[in-house]
Amino acid sequence: MSDKQNDPFDELMRRALHEEADRIEPSDALPEIRARAHAQRPAARRPWLMTAGLAAVGTAAAIGAFTMLNGADDTANDGDEVAGPGTTVTATGAPQSQAPSVLPASPEPSAAPTQPPSTSPSAMTAGPTDRGVTEPPVKSAVVPVYWLGQQVGAREKSAVRLYRTWAKVSGRPAEQAVRIMTSKQPNDPDYYSVWRGAALNTVTRSDGVVTVDFKELPKATLDSKLARLATQQLVYTVQGALQDNQTPVQVTQAGRSVQKLFGQVDASAPLGRAQAAEVQALVWIDSPTEDQAVEPKLTVQGVAAAYEATVNYQVTNLKTRETRKSFANTKEGQKFSSYSFQLTLSPGPWQLSVYLVSPEDGRVTDTDTKSILVK
Amino acid sequence: MRRLFVAQPAVVYEECVTHESSWDADEALTAVYTAHYTSLVRLGALLLRDTGAAEEIVQDAFVAMHGRWNRLRDPHKALAYLRTAVVNRCRSRQRHLVVVDKHTPKSLPDEPSAEQAVLRTAETDRVIEAMRTLPEKQRTVMVLRYYGDLSEAEIADTMGISRGSVKSHAARASKSLRQLLEQTV
């Protein structure tokens, strides 16, 4: 654009933007970038990106693949209204990167014997010296995997919540889910896992307890809130894959009990599931999913725990800037409950944002956003 | 007041390096960082008016670039990749702020601090204020054009839109800005 140097407008723009830019002197970040590149550690949380890829939704039916494991807990799926198998969910398939078709399920020789899929729940009751039985491998299942992510409008900077993605797995669902949680990068760059570096051995079930045995556990010491949430990340992921919200999770290392997780959480006894209200993100969109191509008439579905059951939304056409705002209600207020609303949009790229607003001061406290393409 | 009134050379997103194809990811990271980190942060800060957020976004982009160096294998490609990553991330953040903006009393990080505002010349102040009124795409095009000194084709590639769209965004933005600025010039 040097041929337009003479236009005073171009000159002014160039001068002003450079002047504005040149006032910024970033401090050296190379060491940090290098360290992160080598650790392939997840990025620092940036709440405004929190949303993309939150719910890569899989076939709900597939999750029922091994209900036989559940026994009496059959009705307890991944959190009542928490968009588990019982909630209406559009099947769009898990994203490729989240769906490793072959993950080496590598039980050590010491692992408990595999039960054939025909085993009845009662046969799984293990003797006192037994570490329990592994789940039967399945050809294909869709499991929820939980991640940590920052709460957008929280007053404390460190407010972290559990966010969920879905992953298509084959093999033993709970083991695969934990392997993804401990070794894979979530689709959304704003989700992360402090379990990186942990190496799973087996997930076994015996009477009244699920044992997750690690070859190696994360060595980091975290602050107590984060440590507690990270522990729940494991509990939610394991219980989600097993479709059992009741049975507590015992963490062991090489078969031995563990004193502290992340230097904070007492793990010598089995860990129970924390209330969703304390740990789960307060709003997300299950459908549509990020970058999904949709018909002009679409239904938006998700889960929220909203004050007075009010979930606000805004859709913006990214080309024309046409914007619509309204709100929908969750089935019940104050607790996790599903919401849905219908939109009729003109063709083109749209940004859909769903958000909760603080009753105190009107701040946006939580949000989820999807980019969609209307056909 | 550092360098405030000194004319700056245009940022040129090209570089001349030798033997770069044999670089490993670390060497590439260091070289591309040294040449472009500052200008990418500045680019992000112009788009977001939030230097801290721009730094985070650019750092993320560099981490990602390091991870895919085997596929990029070329500092020019690496730079194009970084630029696209930074612009995309800044844009999605801005879109998010559109929602937040409406519900948050003016305490957003993109508000210039009093100190910064004082440091600005009146002229720059007018331009920056006028830029704020533009829709996000138009503003991005203008920043890439006048700060990044990118060609239409490069802007189109970076933003993932057609050259025709770049043209029309630029035309509309120029028209609005000229009007706004003439009122005050």
Side-chain angles (χ1 to χ4, degrees), chain A residues 1-2 8-10 12-30 32-34 36-41 43-52 152-153 185 189 312-314 316 318-319 321 323 325 351 353-355 357-358 361-365 367 369 371, chain B residues 2-4 7-8 10-11 25-26 29-30 33-34 37-39 41-43 45-46 51 53-60 62-63 66-67 89 92-93 95-100 102-105 116 119-121 123-124 126-128 131 135 137 142-143 145-147 149 151 174 177-178 181:
Chain A
M1 313 230 166
S2 48
F9 174 74
D10 288 336
L12 170 64
M13 290 299 296
R14 204 169 276 123
R15 197 166 57 232
L17 291 185
H18 277 94
E19 187 191 301
E20 180 71 1
D22 286 340
R23 299 188 312 164
I24 293 155
E25 250 341 299
S27 48
D28 183 26
L30 185 58
E32 192 192 331
I33 293 170
R34 265 173 168 275
R36 274 179 51 199
H38 283 275
Q40 275 304 313
R41 289 261 312 275
R45 303 302 84 224
R46 270 162 318 291
W48 58 86
L49 292 172
M50 183 102 303
T51 53
V152 173
Q185 192 77 21
N312 302 281
Y313 65 85
Q314 171 173 323
T316 304
L318 297 176
K319 278 209 168 124
R321 309 308 296 174
T323 296
K325 276 171 79 166
Q351 177 92 3
S353 299
V354 173
Y355 54 98
V357 167
S358 160
D361 55 10
R363 258 175 331 125
V364 170
T365 54
T367 180
T369 305
S371 296
Chain B
R2 186 197 53 82
R3 290 195 296 169
L4 200 58
Q8 291 291 305
V11 176
D26 282 345
L29 177 67
T30 306
Y33 171 93
T34 307
Y37 180 72
T38 300
S39 61
V41 170
R42 289 172 173 174
L43 173 70
L46 284 181
T51 308
E55 284 180 294
E56 280 184 356
I57 282 172
V58 175
Q59 287 167 19
D60 288 353
F62 271 96
V63 173
H66 182 276
R89 283 163 188 245
S92 46
R93 197 214 162 182
R95 282 182 225 136
H96 169 80
L97 287 177
V98 169
V99 171
V100 177
K102 298 224 163 97
H103 299 271
T104 314
Q116 277 182 320
L119 285 173
R120 250 189 214 155
T121 61
E123 179 190 76
T124 299
R126 279 204 310 276
V127 172
I128 299 299
M131 289 278 285
K137 269 193 187 167
M142 295 310 261
V143 168
R145 179 184 201 171
Y146 289 112
Y147 177 68
D149 279 300
S151 68
S174 300
L177 289 176
R178 278 175 201 270
L181 293 170

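Keep in mind that this is a model prediction, so the values were computed, not measured. Below, each value reflects all heavy atoms present in this structure, side chains not excepted, and no hydrogens, waters or symmetry copies. Each chain gets a letter, A, B and so on, in the order its sequence line appears, and its residues count up from 1.
Proximity of R145(B) to M13(A): side-chain heavy atoms (C-beta onward) are nowhere separated by under 4.5 Å.
At least one donor-acceptor pair closer than 3.5 Å links the side chain of E19(A) to the backbone N or O of T121(B). Judged by distance alone, the side chain of Y33(B) and the main-chain N or O of L30(A) form a donor-acceptor pair under 3.5 Å.
For E55(B), the part lying near chain A is the side chain, with the backbone staying farther off; criterion is any non-hydrogen pair under 4.5 Å. Residue contact with chain B, scored on non-hydrogen atoms closer than 4.5 Å, involves the side chain of S371(A) exclusively. Contacts of M131(B) with chain A are made by side-chain atoms alone, with heavy-atom separations under 4.5 Å and no backbone atom involved.
How far CD of Q59(B) is from CZ of R36(A): 6.5 Å, rounded to the nearest 0.5 Å. Distance check, rounded to the nearest 0.5 Å: CD of E20(A) to OH of Y147(B) gives 11.0 Å. The distance from the CG atom of L17(A) to the CE atom of M142(B) is 8.5 Å, given to the nearest 0.5 Å. Rounded to the nearest 0.5 Å, atoms CZ (R42(B)) and CD (E25(A)) are 5.0 Å apart. The OG1 atom of T124(B) sits 7.5 Å away from atom CZ of R23(A), with the distance rounded to the nearest 0.5 Å. Atom CG of L181(B) is separated from atom CZ of F9(A) by 6.5 Å, given to the nearest 0.5 angstrom.
Looking at every heavy atom in both residues, V63(B) comes nearest to A37(A) through CG1-CA, 4.0 Å. Closest non-hydrogen pair, Y37(B) versus P26(A), comes out as CE2-CB, 3.9 Å.
Under the side chain to side chain donor-acceptor pair (under 3.5 Å) criterion, T34(B) pairs with no residue, sequence neighbours left out.
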- Could you go through the side chain to side chain contact (heavy atoms under 4.5 Å, CB included) check for I33(A) and H66(B) one step at a time? CA-CA 9 Å; I33(A) 293 170; H66(B) 182 276; 5.9 Å; no
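Look at R14(A) and D149(B) and you find a salt bridge, because one of the NZ, NE, NH1 or NH2 atoms lies within 4.0 Å of a carboxylate O, short of that distance.
Contact count versus chain A (heavy atoms, under 4.5 Å) is highest, among D26(B), L29(B), T30(B), for D26(B).
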